[in-house]
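Read through the structure below, which is laid out as structure tokens, and then see the notes.
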Amino acid sequence: MSNNPDDLANQMLQKVKDYLQEDADNTELDENTMEGAEEGILVGRKELAESLLNQIDKWENEDEC
């Protein structure tokens with residue numbers, strides 16, 4: 001990582017986006033997971049990851065205008 005604050009912020013943001021995307025992609029919702037007590041947790045994690053990714057995209061697009 002570079003010592004430039006902008007570079008550090010961009011690198012950290014990319015790591016957050018990668019983590020959220022991985023969480024959204026790897027949260028499997030099927031008959032087995034939907035029947036268990038973890039259903040709400042899994043659905044919530046997936047929805048949060050997806051909504052954060054969408055919000056980050058909106059913020060990034062605002063900066064480009």
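Computed over heavy atoms, backbone and side chain alike; hydrogens, waters and symmetry mates excluded.
Rounded to the nearest 0.5 angstrom, E50 CD and L53 CG are separated by 8.0 Å. Distance check: D25 CG to Q21 CD gives 4.5 Å after rounding to the nearest 0.5 Å. Distance check, rounded to the nearest 0.5 Å: CG of D23 to CG of L48 gives 8.5 Å.
Residues Y19 and M12 do not share a hydrophobic cluster, defined by chaining ILVMFWY side chains whose heavy atoms lie under 4.5 Å apart. Residues L20 and L13 are members of one and the same hydrophobic cluster, defined by side-chain heavy-atom contacts under 4.5 angstrom among Ile, Leu, Val, Met, Phe, Trp and Tyr.
K17 has a carboxylate O that lies under 4.0 Å from a charged side-chain N of E60, or vice versa, which qualifies the two as a salt bridge.
Between A24 and K46 the shortest heavy-atom distance is O-NZ, 2.6 Å.
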Are E22 and D18 close enough, and set up right, to give a side chain to side chain contact (heavy atoms under 4.5 Å, CB included), and what steps lead you there? CA-CA 6 Å; E22 184 177 328; D18 292 344; over 6 Å; no

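Side-chain contact of N10 with Q14: a donor-acceptor pair under 3.5 Å is absent, judged by distance alone.
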